[in-house]
Amino acid sequence: MATAPAKLILCGEHAVVYGRPAIALPLADIRATATVAPLPPGSGTLISAPDLGGQWRVAERPDEPLSGLVMAVIERFGVPVDLEITIRSAIPIASGMGSGAAIATAIVRELLAYSGQTLPPAAISELVYESERGYHGTPSGIDNTVVAFEQPIWFQRRPDLPPLIEPLPIGAPLTLVVGDSGVRSPTRLPVGAVRERWQADPARYEALFDRVGALVAQARAALAEGNACALGPLLDANHELLREIGVSSPELDRLAAAARAAGALGAKLAGAGWGGVMLALTTPEQATTIADALRAAGAANALVTTIAATG
């Protein structure tokens with residue numbers, strides 16, 4: 001069995017697609033898994049995904065992004081064809097938590113392990129990015145990167161160069177409460193809408209992206225210092241900029257406000273928006289109170305998670 005973690009973008013979503021930096025965190029305790037079992041000769045490759053509500057043969061659905069990923073790995077690395085891949089995931093789908101990237105990463109890791117091979121995280125990330133393009137159109141590349149590397153990262157796309165990816169120092173543990181709005185929103189929809197708005201009014205959106213980028217740089221410094229009190233207001237400001245960009249929703253705004261009213265240090269939507277999840281930065285002592293407040297405000301679920309300090 002191979003696994004891969006969920007992820008959260010702490011700050012910088014959407015602007016990261018346009019060359020500004022973003023900070024992303026893996027959630028080690030929320031994972032997708034993949035297992036492989038041999039099938040009789042001539043069976044082909046079967047994908048079973050009970051948590052996703054489906055089972056299909058790769059040859060019958062070649063345009064499905066996971067099918068394309070599986071075929072690419074099998075052909076490139078000489079993995080046996082007659083097998084069943086079973087996917088399980090505790091990560092909400094279309095929620096901003098990197099479900100697709102985690103599932104794809106777990107599949108790649110398991111197929112390679114099944115055939116006695118390994119790849120470095122960068123190579124796995126590259127393979128998974130192609131699958132992400134099938135789902136999301138023009139993804140930033142941040143999901144596949146943080147999931148494959150399984151460490152907090154600073155991520156920035158660069159024209160004509162590979163993305164800048166740096167391990168991110170975290171000076172003290174972070175306690176986060178993740179609130180699920182219960183609204184599913186495929187990443188490609190808000191990403192596509194932002195691109196249309198950017199094309200129609202590039203000056204306005206470039207200015208918004210610049211402001212997001214400046215906040216991300218300040219957040220990096222606060223994280224390195226372990227200064228949660230400085231980080232909280234930056235998350236609030238990032239949420240307001242995401243509202244201006246046009247990717248929040250009434251549900252996400254309500255949950256962020258409820259978290260702040262319950263004592264959160266800061267709160268924002270996390271991911272592409274229009275639904276999915278939000279995050280609240282808190283102290284360990286306040287985490288349960290904030291989770292309860294999010295449920296009372298309509299969250300479908302609220303999860304407390306801790307991001308460990310880095311060495």
Check: What's the verdict on side chain to side chain contact (heavy atoms under 4.5 Å, CB included) for Leu279 and Leu235, showing C-alpha distance, side-chain angles and the deciding distance?
Finding: CA-CA 9 Å; Leu279 63 85; Leu235 301 182; 3.9 Å; yes
Between [X] (side chain only) and [Y] (backbone N and O only), is there a donor and an acceptor less than 3.5 Å apart?
X      : Y      : answer
Thr187 : Ala272 : no
Ser181 : Gly276 : yes
Thr35  : Met1   : no
Gln151 : Val146 : no
Gln286 : Ala262 : yes
Trp274 : Pro186 : no
Arg260 : Ala267 : yes
Ser185 : Gly273 : yes

Is there any salt bridge (Lys or Arg N to Asp or Glu O under 4.0 Å) pair reaching into [range], and which pairs are they, with sequence neighbours excluded?
range            : answer
residues 294-307 : Asp292-Arg295
residues 18-28   : Arg20-Glu206, Arg20-Asp210
residues 6-15    : Lys7-Asp143, Glu13-Lys268
residues 65-89   : Asp51-Arg88

Roughly how far, to the nearest 0.5 Å, is [atom2] of [Y] from [atom1] of [X]?
X      : Y      : atom1 : atom2 : answer
Asn238 : Leu269 : CG    : CG    : 7.5 Å
Phe155 : Ile23  : CZ    : CD1   : 13.5 Å
Ile47  : Gln55  : CD1   : CD    : 10.0 Å
Glu285 : Thr175 : CD    : OG1   : 8.0 Å
His14  : Phe209 : NE2   : CZ    : 8.5 Å

Which atom of [X] lies closest to which atom of [Y], heavy atoms considered:
X      : Y      : answer
Gly232 : Leu281 : N-CD2, 3.8 Å
Gly263 : Ile290 : C-CD1, 4.0 Å
Ile30  : Ala90  : CG2-O, 3.9 Å
Pro38  : Tyr114 : CB-OH, 3.4 Å
Thr310 : Pro169 : OG1-CA, 3.3 Å
Arg197 : Gly246 : NH1-O, 3.1 Å

Count I, L, V, M, F, W, Y as connected when their side-chain heavy atoms are under 4.5 Å apart, and connections chain through other members. Are [X] and [Y] then in the same cluster?
X      : Y      : answer
Ile91  : Val183 : no
Trp56  : Leu46  : no
Val81  : Val70  : yes
Phe149 : Ile142 : no
Ile74  : Val58  : yes

Margin query: For a side chain to side chain contact (heavy atoms under 4.5 Å, CB included) check, start with the C-alpha distance between Met278 and Val178, then their side-chain angles and the critical distance, and finish with the verdict.
Written below: CA-CA 6 Å; Met278 51 74 65; Val178 182; over 6 Å; no
Next item on the list: Start with the C-alpha gap between Leu231 and Leu174, add the side-chain angles, then the distance that decides, and say whether side chain to side chain contact (heavy atoms under 4.5 Å, CB included) holds.
Entry: CA-CA 10 Å; Leu231 179 61; Leu174 297 177; 4.2 Å; yes
Check: Who passes side-chain contact (heavy atoms from CB on, under 4.5 Å) against Arg243, sequence neighbours left out?
Finding: His239, Glu240, Ser248, Asp253
Using the test salt bridge (charged side-chain N to carboxylate O under 4.0 Å, His left out), find all partners of [X] that sit at least two apart in sequence or belong to another chain.
X      : result
Arg204 : none
Arg57  : none
Arg254 : none

Item checked: Close side-chain approach of Arg188 to Val191, heavy-atom, < 4.5 Å -> no
All N/O donor-acceptor pairs, side-chain side in residues 116-128, below 3.5 Å, sequence neighbours left out:
{"unit_1": "Gln117", "atom_1": "NE2", "unit_2": "Phe77", "atom_2": "O", "d": "2.8"}
{"unit_1": "Gln117", "atom_1": "NE2", "unit_2": "Ser115", "atom_2": "OG", "d": "2.9"}
{"unit_1": "Ser125", "atom_1": "OG", "unit_2": "Asn144", "atom_2": "ND2", "d": "2.8"}

Side chains of residues 214-226: which donor-acceptor pairs under 3.5 Å do they make with residues two or more places apart or in other chains?
{"unit_1": "Gln218", "atom_1": "NE2", "unit_2": "Ala214", "atom_2": "O", "d": "3.4"}
{"unit_1": "Arg220", "atom_1": "NH1", "unit_2": "Glu166", "atom_2": "OE1", "d": "3.3"}
{"unit_1": "Arg220", "atom_1": "NH2", "unit_2": "Glu166", "atom_2": "OE1", "d": "2.7"}

Check: Under 30°, 30 to 60°, or over 60°: which ring-plane class applies to Tyr18 and Trp198, parallel, tilted or perpendicular?
Finding: tilted
Notebook entry, point to check: Can you pull the ring pair (Phe, Tyr, Trp, His ring centres under 6.0 Å) pairs that have at least one residue in residues 282-302, sequence neighbours excluded?
Noted result: none
Note to self: As a quick check of understanding, evaluate side chain to side chain contact (heavy atoms under 4.5 Å, CB included) for Leu27 and Ile307, giving each step before the final call.
What the structure shows: CA-CA 7 Å; Leu27 303 182; Ile307 309 299; 3.7 Å; yes
Side-chain polar contacts of residues 101-111 - donor-acceptor pairs under 3.5 angstrom, sequence neighbours left out - could you list them?
{"unit_1": "Thr105", "atom_1": "OG1", "unit_2": "Ala101", "atom_2": "O", "d": "2.8"}
{"unit_1": "Arg109", "atom_1": "NH1", "unit_2": "Thr3", "atom_2": "O", "d": "2.7"}
{"unit_1": "Arg109", "atom_1": "NH1", "unit_2": "Glu150", "atom_2": "OE2", "d": "2.9"}
{"unit_1": "Arg109", "atom_1": "NH2", "unit_2": "Ala148", "atom_2": "O", "d": "3.0"}
{"unit_1": "Glu110", "atom_1": "OE1", "unit_2": "Ala2", "atom_2": "N", "d": "3.3"}
{"unit_1": "Glu110", "atom_1": "OE2", "unit_2": "Val36", "atom_2": "N", "d": "3.2"}

